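Worth saying up front: this structure is predicted, and the values here are computed from it rather than measured. Heavy atoms only: backbone and side chains are in, while hydrogens, waters and symmetry mates are out.
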Amino acid sequence: MDTNLKKQYFSEELLSWYRKHRRDLPWRRSRNPYHIWISEVMLQQTRVETVIPYFHRFIERFPTMEALAEAPEEDVLKLWEGLGYYSRARNLQGAVREVQERYGGTVPDTLKEISTLKGVGPYTAGAVLSIAYNKPEPAVDGNVMRVLSRYFLIEEDIMKVSTRGIMEKLAKELIPEGAAGDFNQGLMELGAMVCTPRSPHCLTCPVMEHCAAREAGMEEELPVKKKAKPPRPEYRIAALIEGTGPNQGKVLIRQRPQEGLLARMWELPHTDVPFTYSPSEKAHPSIDSIPSSVSILADHLAEETIGIHPERWYMHAEHTFSHIHWDMQVIACSLESSLLPSGSSLLMPSHYQWVDRDTMGQYAFPNVFLKILNRYFAEHSN
DNA sequence: AAATCGGGGTT
DNA sequence: AACCCAGATTT
């Protein structure tokens, strides 16, 4: 079959399939460029079902770009809590402020301008332009690369930058006249609902008849993708420091640095230990079974003027990021003293804070620490 | 081109 | 346990 006919068939069938089968998603209920933009940023590397509650909370708290531009950054981070890739939140607010100042509060409608905004890469630019403004720009994400690699039997490694270029050119050619938004969303919808990574539902696919991978029996082998490196293990020890006196019932937390992993999020004080926990240490934990870790933790906190006295083993926690796996032992501690030279024993460095069950909600935590704190306060609810 | 940057659902 | 998700940025 002629290539151009295959393309025309694909575009027409996909478009009509989408218009019949599209899911009713919150960000599909308007074409507010700001709302579309938020949804696309939240959807980066994140599933639809995960995003939905975050999207509702976000537009309720920040209904307009003006509201988001004027909000304290910590409020934005708190609403992003648990969603991951927290630089997305900071970039989004920074970009919205840029739109307020440089573009008079209107999301730019050209590829050149919108692409200058922080956190708006090739995908997000194309998605916002096509969905909000119906501009014929491609929006190539993982779904689109999977669908196109199968339908056109493209065996290039989709992790390569050059392959992205091939896909974008192809995706742009396929956009039907005047239907960029629906077509691009249809491409992603097909990838999410029908042309899935494993065991694709070819029998219900609107373009199965001319799918090259299907004809070749290759649908399970595509797309070709080089395997990612496994996350490196990191062994860590954390202090759950229980307050006394005026801080009875509270726990000491600290804020992470401005840059890097989990930037500006709050956490339990903890540090890396330069060796692995043996299976017996994981299985039969106690302070005495990991004494060198405990002394490393005490030394680490002493450098931040926090003197601790380890009391008991509390729990084991694991957390996997894309590139790191944390294997963490949590030790309940009492506060020996503040080692600040001149202050009273109640003074703490400014990036430390006492919190209880009611006040911890003011601070944004990564999920691993959220779980530890929620368990602790559930067990210590006087 | 490779590494960094979260967290969780599916199979 | 492997895979991968409506990716962008930095090195």
- Item | salt bridge (Lys or Arg N to Asp or Glu O under 4.0 Å) between A:Asp157 and A:Lys225, worked out | CA-CA 5 Å; A:Asp157 181 351; A:Lys225 186 175 185 178; over 6 Å; no

Donor-acceptor pair, side chain of [X] and main chain of [Y], under 3.5 angstrom:
| X | Y | value |
| --- | --- | --- |
| A:Glu81 | A:Phe365 | yes |
| A:Lys78 | A:Gly361 | yes |
| A:Glu137 | A:Ala125 | no |

Under 4.0 Å: is that the gap between some side-chain N or O of [X] and OP1 or OP2 of [N]?
| X | N | answer |
| --- | --- | --- |
| A:His323 | B:dC5 | yes |
| A:Lys226 | B:dA1 | no |
| A:His319 | B:dG7 | yes |

For [X], answer base if it contacts any base atom (sugar-phosphate contacts may also be present), sugar-phosphate if it contacts only those atoms, and nothing otherwise; contact means non-hydrogen atoms under 4.0 Å.
| X | value |
| --- | --- |
| A:Pro366 | sugar-phosphate |
| A:Thr124 | sugar-phosphate |
| A:Leu262 | sugar-phosphate |
| A:Gly82 | sugar-phosphate |

- Message: Let's go through A:Glu304 and A:Arg254 carefully: what are the C-alpha distance in whole Å and the side-chain angles of both, what is the deciding distance for salt bridge (Lys or Arg N to Asp or Glu O under 4.0 Å) to 0.1 Å, and is it a yes or a no?
- Response: CA-CA 11 Å; A:Glu304 305 204 1; A:Arg254 75 176 176 196; 3.5 Å; yes

- Taking A:His325 as the fixed residue, which of A:His319, A:Glu234, A:Glu318 is the one that meets the side chain to side chain donor-acceptor pair (under 3.5 Å) rule? A:Glu318

- Message: To check you understand the geometry: which heavy-atom pair defines the closest contact between A:Thr106 and A:Val99, and what is its length?
- Response: O-CG1, 3.5 Å

Taking DNA chain B as the partner, which of [range] come within under 4.0 angstrom of it by heavy atom?
| range | result |
| --- | --- |
| residues 145-181 of chain A | none |
| residues 111-119 of chain A | none |
| residues 42-50 of chain A | A:Gln45, A:Thr46, A:Arg47 |
| residues 22-39 of chain A | none |

- Message: Let's go through A:Glu60 and A:Phe55 carefully: what are the C-alpha distance in whole Å and the side-chain angles of both, what is the deciding distance for side-chain contact (heavy atoms from CB on, under 4.5 Å) to 0.1 Å, and is it a yes or a no?
- Response: CA-CA 8 Å; A:Glu60 180 175 6; A:Phe55 178 80; over 6 Å; no

- Note on the structure: Heavy-atom nearest nucleotide on DNA chain B taken for A:Glu259 and for A:Ser199; more 5' hit belongs to A:Glu259

- Message: Quick one, A:Lys118 with A:Glu98, criterion salt bridge (Lys or Arg N to Asp or Glu O under 4.0 Å). Give me CA distance, side-chain angles, the key distance, then yes/no.
- Response: CA-CA 9 Å; A:Lys118 274 292 184 188; A:Glu98 174 89 357; over 6 Å; no

Length of the line joining [X]:[atom1] and [N]:[atom2], which is rounded to integer Å:
| X | N | atom1 | atom2 | value |
| --- | --- | --- | --- | --- |
| A:His325 | B:dG8 | NE2 | P | 14 Å |
| A:Arg198 | B:dG9 | CZ | C1' | 11 Å |
| A:Lys229 | B:dA3 | NZ | C1' | 8 Å |
| A:Asn91 | B:dG6 | CG | C1' | 15 Å |

- Query: Is A:Glu379 atom CD crowded by more than 12 heavy atoms from other residues, nucleotides or ligands, each under 6.0 Å away?
  - Reply: yes

For the [atom1] atoms, the ones on [N] and on [M], what distance do you get once it is rounded to whole angstrom?
| N | M | atom1 | value |
| --- | --- | --- | --- |
| C:dA8 | B:dG9 | P | 23 Å |
| B:dC5 | C:dC4 | P | 23 Å |
| C:dC5 | B:dG6 | C1' | 12 Å |

- Just say parallel, tilted or perpendicular for the rings of A:His380 and A:Tyr376, cut-offs at 30° and 60°.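 Ring orientation, 0 to 90° scale: parallel.
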
- Message: Which label fits A:Phe10 and A:Tyr151: parallel for a plane angle under 30°, tilted from 30 to 60°, or perpendicular past 60°?
- Response: tilted

- Task: Could you check A:Arg22, A:Arg23, A:Lys20 and say which one makes a salt bridge (Lys or Arg N to Asp or Glu O under 4.0 Å) with A:Glu189?
- Result: A:Arg23

- Task: Might you work through the salt bridge (Lys or Arg N to Asp or Glu O under 4.0 Å) test for A:Arg198 and A:Glu219, ending with a clear yes or no?
- Result: CA-CA 9 Å; A:Arg198 279 174 290 188; A:Glu219 68 272 16; over 6 Å; no

- Ring-face cation contact, A:Tyr54 with A:Arg57, 6.0 Å cut, 45° max: yes

- Going 5' to 3' on DNA chain C, which nucleotide is the first and which the last to come under 4.0 Å of a heavy atom in chain A?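 In short, chain A contacts DNA chain C from C:dA2 to C:dT10.
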
Counting only pairs under 3.5 Å, give me each side-chain donor-acceptor contact of residues 172-182 of chain A, with atom names and distances, residues two or more places apart or in other chains.
residue: A:Glu173; atom: OE1; partner: A:Lys7; partner atom: NZ; Å: 2.8
residue: A:Glu173; atom: OE2; partner: A:Lys169; partner atom: NZ; Å: 2.9
residue: A:Asp182; atom: OD2; partner: A:Arg19; partner atom: NE; Å: 2.8
residue: A:Asp182; atom: OD2; partner: A:Arg19; partner atom: NH2; Å: 3.2

- Between A:Arg88 and A:Thr124, does any side-chain donor sit less than 3.5 Å from a side-chain acceptor? no

